[in-house]
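One structure is given below, encoded as structure tokens.
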Amino acid sequence: MSEDKILYVRLPCNPIFPIGVVYLADHVHKQFPHIEQRIFDLGTVPPLDYAELLDKCIDDFQPTLLVFSWRDIQIYAPVGGRGGNPLQYAFEFYYAKQPLIKLRGALGGMRIFIAYYKELWRNLGLVKRGLKRAKKYKSRVRLVLGGGAVSVFYQQLGKSLPQGTIISVGEGETLLSKILSNQDFQDERCYVVGESQPRERLIHEQPTPLLKTACNYDYITHIWPEFSYYFQDQDFYIGVQTKRGCPHNCCYCVYTVVEGKQVRINPAEEIVAEIKQLYDRGVRKFWFTDAQFIPARKFIDDAVELLQKIVDSGMTDINWAAYIRADNLTPQMCELMVKTGMNYFEIGITSGSQELVRKMRMGYNLRTVLENCRALKAAGFNDLVSVNYSFNVIDESPETIRQTIAYHRELEKIFGVDKVEPAIFFIGLQPHTHLEAYAFKAGILQPGYNPMSLMPWTAKKLLWNPEPLGSFFGEVCLQAWRQNPHDFGREVMKILEIRLGCAELEAALSAPIEQNPPRHLAAV
Ligand code: B12
Ligand code: SF4
């Protein structure tokens with residue numbers, strides 16, 4: 001019988017199913033069935049009770065290994081985040097001309113700033129508190145930290161954590177296996193605070209291969225008393241991973257680095273077996289958590305196989321959603337998507353200008369995306385599509401904006417105006433991306449900057465909206481929030497069209513071959 005006892009603590013987070021720790025616990029159970037485990041999800045606990053309930057959980061369970069999972073830190077998107085809309089406040093502060101609006105932005109920004117640092121320190125405090133408490137019972141307790149946010153900010157977080165903390169990047173399954181079997185784990189994507197420095201380009205190392213089998217939810221319910229929290233109402237999309245990795249190189253994206261360029265396909269029958277277990281517990285909504293559900297054309301067959309197996313399983317009343325590269329669809333795929341209940345998807349084309357899409361190294365053919373969207377509509381898709389546009393990433397101009405409008409209007413013709421939601425983002429510059437390298441080269445950022453900093457002078461650079469068009473976009477967004485805050489994306493499109501007009505669709509779809517390679521990123 002093993003003496004190890006593992007406590008997984010998911011740090012506070014907007015309620016989103018903690019699929020990461022669920023998969024870790026499942027993996028450990030399959031490898032080491034005798035090890036006792038427990039999941040404690042602070043996402044389901046009211047903030048005032050965090051410390052007390054964490055203490056109680058540790059007192060009851062007395063773990064020997066503490067696994068802390070931290071999902072998100074940086075929220076720049078225009079969502080009603082903690083304490084308001086961060087993008088709106090930032091833009092009011094940076095771009096508003098009227099002093100009162102500027103002041104509102106400053107105050108709102110200050111609230112977000114305080115909430116952000118409070119959360120950061122609170123989470124670090126919870127980790128330290130947990131370790132101290134656990135040491136009361138087991139002096140040799142080990143602490144491991146991982147999760148989405150840690151994968152992105154692993155270099156910075158190490159500075160604030162106790163000596164000996166193992167900081168992990170990307171998937172943690174094989175790291176935990178090695179720790180538990182007392183093997184050397186230094187070849188995993190991790191480092192130990194106080195003992196080793198993160199290796200140069202650690203995050204770019206390929207993850208250790210892994211065969212993913214269906215998560216055993218009987219076991220998970222056994223070690224996680226609050227499991228049913230996410231099933232009480234049908235609002236939640238429960239995460240199911242169908243593959244891991246993305247081969248693309250989009251200039252601003254960190255997923256391809258965190259997950260790796262190599263795509264691992266989880267076996268279709270295992271995925272369906274996992275969905276079925278959740279289905280039998282009443283779950284009807286699933287989010288395929290892949291960086292991309294169909295990362296490239298060569299993975300279409302795998303996606304078809306999976307969806308066909310879902311059809312064959314008889315689960316006819318489910319819905320699912322995912323990030324979809326809509327350039328990789330076929331008519332058969334479209335039919336299966338509709339048949340299996342896909343009721344929402346996000347296409348991250350970023351721009352409706354083929355020229356810019358190429359410059360951002362996204363590998364998208366916008367004409368194909370349109371053709372496939374038509375096929376999807378013809379197959380009966382009648383639900384919501386969110387199209388993510390990030391303006392002003394690189395070489396944006398009035399003409400490329402006009403092209404984006406033309407492209408968006410075409411999507412509206414296909415799906416219906418009310419069914420296509422333009423999600424207007426500005427890129428939050430992330431470490432380890434090509435865009436970061438470009439920002440260094442262009443002197444916008446200095447190596448050694450702190451990507452977690454929310455100080456106004458750093459945040460302004462990280463919330464990527466450079467001049468000469470930065471102030472123009474600032475003004476347009478402010479106008480949109482003023483005029484129609486509840487339909488911000490569509491309002492932005494409307495204002496841009498009034499101010500700049502709309503290009504011919506054909507101009508949006510064709511990118512003239514350049515004499516010279518893309519100006520900025522090719523050099524990076
Ligand atoms: C799918 C996804 C979503 C979906 C989630 C749908 C759902 N119902 O589950 C949606 C679209 C809703 C979403 C929303 C958001 N997301 Co998101 N999302 C992702 C994505 C692509 C995959 C996450 C996932 O579930 N993966 C599959 C599971 C199995 O993996 P995992 O959770 O990462 O866990 C593994 C490892 O992290 C590791 N691990 C986890 N914990 C631990 C602990 C230890 C000790 C160890 C060793 C290992 C370990 O092992 C686990 C198993 O392999 C990631 C990017 C990425 N490629 O990782 C971003 C990501 C997690 N999201 C991120 C963010 C910021 C958000 C938002 C806040 C964005 C926004 N502003 O709106 C929102 C809000 C989410 C919320 N909490 O409310 C960030 C978080 C980091 C950061 N920058 O702060 C990420 C990393 C993307 C990024 N650009 O940086 N997201
Ligand atoms: S943006 Fe999407 S397609 Fe591009 S690298 Fe990231 S996950 Fe892959």
Side-chain angles (χ1 to χ4, degrees), residues 6 8-27 43 65-82 86-87 143-153 165-176 179 185 188-190 207 210 212 215 230 236-241 244-261 263 285-292 295-296 321-325 327-328 344 346-350 360-364 386 388 423 425 427-428 430-431 433-434 451-452:
I6 309 178
Y8 299 85
V9 182
R10 208 273 286 260
L11 286 165
C13 183
N14 282 355
I16 202 158
F17 189 73
I19 188 69
V21 289
V22 165
Y23 279 3
L24 287 174
D26 176 63
H27 169 84
L65 183 66
L66 269 172
V67 173
F68 275 91
S69 182
W70 195 338
R71 190 188 189 281
D72 32 62
I73 285 183
Q74 180 194 53
I75 46 156
Y76 281 139
V79 286
R82 299 129 215 194
L87 185 71
L143 169 61
V144 202
L145 183 77
V150 181
S151 296
V152 178
F153 301 113
T165 307
I166 304 167
I167 296 194
S168 161
V169 173
E171 276 189 342
E173 279 83 343
T174 47
L175 170 65
L176 289 189
I179 295 175
F185 55 79
E188 290 294 322
R189 297 202 293 173
C190 69
L210 179 74
K212 176 83 182 67
C215 178
Y230 293 93
F236 292 110
Y237 279 78
I238 303 301
V240 173
Q241 187 193 65
R244 184 114 202 163
C246 176
H248 292 281
N249 254 323
C250 305
C251 69
Y252 50 79
C253 179
V254 75
Y255 298 9
T256 171
V257 198
V258 171
E259 296 197 5
K261 300 247 179 278
V263 178
K285 286 185 177 173
F286 303 92
W287 188 290
F288 295 146
T289 59
D290 319 352
Q292 285 295 338
Y323 292 128
I324 308 257
R325 274 190 71 109
D327 51 343
N328 299 324
Y344 174 76
E346 296 194 10
I347 339 181
I349 52 173
T350 307
M360 290 185 283
R361 301 175 162 201
M362 299 182 61
Y364 260 116
S386 169
N388 298 353
F425 289 86
I427 294 287
Q430 295 209 282
T433 58
H434 294 292
M452 286 173 63

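As the structure lists them, so they are numbered: ligands from 1, and atoms in each ligand from 1.
- Of the candidates R189, E188, R71, R71 brings a heavy atom nearest to atom 5 (C) of ligand 1.
- Residue contacts with ligand 1: D72 is placed with a nitrogen or oxygen under 3.5 Å of a nitrogen or oxygen of the ligand (distance criterion only).
- Atoms of ligand 1 lying under 4.0 Å from any heavy atom of A149, numbered from 1 in the order shown and given with element: 81 (C).
- With sequence neighbours excluded, no residue satisfies salt bridge (charged side-chain N to carboxylate O under 4.0 Å, His left out) with R189.
- Counting heavy atoms under 4.0 Å from ligand 1, residue Q430 touches it through the side chain alone.
- A cation-pi arrangement is absent between K285 and F236 under the rule of less than 6.0 angstrom and at most 45 degrees off the ring axis.
- If you number the atoms of ligand 1 from 1 as listed, the ones under 4.0 Å from a heavy atom of V67 come out as 43 (C), 44 (C), 45 (C).
- In this structure, R10 has no heavy atom closer than 4.0 Å to ligand 1.
- Ordered by chain and number, C246 SG make up the set of protein N, O or S atoms under 2.8 Å of atom 8 (Fe) of ligand 2.
- At least one heavy atom of Y323 lies less than 4.0 angstrom from ligand 1.
- For F17, the ring-ring contact (aromatic ring centres under 6.0 Å, His included) partners are W224, Y230, not counting sequence neighbours.
- Checking only distances, E173 does come within under 3.5 Å of ligand 1, N or O to N or O.
- Residue-to-ligand polar distances place E259 within reach of ligand 1: an N/O pair is separated by less than 3.5 Å.
- Ligand 1 has no N or O atom lying under 3.5 Å from any N or O atom of W287, backbone or side chain.
- With sequence neighbours excluded, the residues satisfying side chain to side chain contact (heavy atoms under 4.5 Å, CB included) with Y255 are C253, A291, Y323.
- Heavy atoms of N14 found under 4.0 angstrom from ligand 1 belong to the backbone as well as the side chain.
- In terms of modelled atom types and a separation under 3.5 Å, the side chain of H248 and the main chain of P295 share a donor-acceptor contact.
- In this structure, C13 has a heavy atom closer than 4.0 Å to ligand 1.
- Ligand 1 has an N or O atom lying under 3.5 Å from an N or O atom of G172, backbone or side chain.
- At least one heavy atom of Y23 sits under 4.0 Å from some atom of ligand 1.
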